[in-house]
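Everything below concerns the one structure shown next.
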Amino acid sequence: MTNNLIPNIAKMLGVEIGEKFKIEGDAVTYEFRAGGLYGDHGTDAEALEALICGNAEIIKQPLKPKAGEMYWTFGLYSLQDPLWVVTSARWRNSPSDMAMLEHGWVFNSRKAAEDMLPSAAQARGFRYYTTSGATGKIKGTS
């Protein structure tokens, strides 16, 4: 018996098992499960083939946490030195939560937020710092 390759396929395509997404030009919501690619009406081998062959593009859906759930986003290191950093927050359905969601700046992991931080900060002309490793060592750009 061979290994189930669906988790590897999902990872190669940049999504996680159970993460909801759309395919460009399609109104259906999809997700990978252990048994394959599922759309609104069950498994979808045609969409899976299109993704694997590079004929379709995944459009990630913004994560909207439930009230009280933690998420990762961007914040300021300090008011005196406006460096952008990754920070955690609790979802409260506040105006700032909603603004972060509208910008696509709500993430389910620190890594996902740190991966997006450089492009988000640079596009707006800000410097940023990212942390890495258990030591919390800071590396940055200017």
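For the single chain, residues carry numbers from 1 onward in sequence order. What you see is a predicted model; the values in this text were computed from it and never measured.
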Between the side chain of T73 and the main-chain N/O of W105, is any donor-acceptor distance below 3.5 Å? yes
Working to the nearest 0.5 angstrom, can you tell me the gap between F32 CZ and L13 CG? 5.0 Å
Take N108 and E19, measure what side-chain contact (heavy atoms from CB on, under 4.5 Å) needs, and give me the verdict at the end. CA-CA 10 Å; N108 61 356; E19 179 181 349; 5.7 Å; no
Gap separating the OH atom of Y77 from the OG1 atom of T87, nearest 0.5 angstrom: 12.5 Å
Run the salt bridge (Lys or Arg N to Asp or Glu O under 4.0 Å) check on D115 and K111 step by step: do they pass? CA-CA 6 Å; D115 289 347; K111 181 181 181 338; 2.9 Å; yes
Heavy atoms of I23 and L51 approach each other most closely as CD1-CD1, 3.9 Å
Can you confirm whether E69 is buried at CD, in the sense that more than 12 heavy atoms of other residues, nucleotides or ligands lie under 6.0 Å from that atom? yes
Got a second to check how far E114's CD is from R110's CZ, nearest 0.5 Å? 5.5 Å
Applying salt bridge (Lys or Arg N to Asp or Glu O under 4.0 Å) to K20 and not counting sequence neighbours gives E31
Distance check, rounded to the nearest 0.5 Å: H103 atom NE2 versus R124 atom CZ? 5.5 Å
Do V86 and L101 share a hydrophobic cluster, counting only Ile, Leu, Val, Met, Phe, Trp and Tyr and linking them when any side-chain heavy atoms are less than 4.5 Å apart? yes
Looking at side-chain heavy atoms only, is the closest gap between Y128 and L83 below 4.5 Å? no
Exercise: identify the closest heavy-atom pair between V106 and P65: CG1-CD, 3.7 Å
Please answer: with hydrophobic residues joined when any side-chain heavy atoms are less than 4.5 Å apart, are Y71 and M116 in the same cluster? yes
Say you draw a straight line from CD1 of I52 to CG of L5; how long is it, rounded to the nearest 0.5 Å? 9.0 Å
Expected list for residues 54-62: side-chain donor-acceptor pairs under 3.5 angstrom, two or more places apart:
{"residue": "K60", "atom": "NZ", "partner": "G14", "partner atom": "O", "Å": "2.6"}
{"residue": "Q61", "atom": "NE2", "partner": "I59", "partner atom": "O", "Å": "3.2"}

Could you tell me whether the side chain of D40 and the main chain of V28 form a donor-acceptor pair under 3.5 Å? no
Would you say M98 ends up clustered with W72 if hydrophobic residues are merged whenever their side chains have heavy atoms under 4.5 Å apart, either directly or through other cluster members? yes
In terms of hydrophobic clusters joined by side-chain contacts under 4.5 Å, are Y30 and I6 together? yes
According to a hydrophobic-cluster definition based on side-chain heavy atoms being under 4.5 Å apart (Ile, Leu, Val, Met, Phe, Trp, Tyr only), do F21 and I9 belong together? yes
Euclidean distance, K64 NZ relative to N93 CG, rounded to 0.5 Å: 5.5 Å
Closest approach of M100 and F74, non-hydrogen atoms and distance? CE-O, 3.4 Å
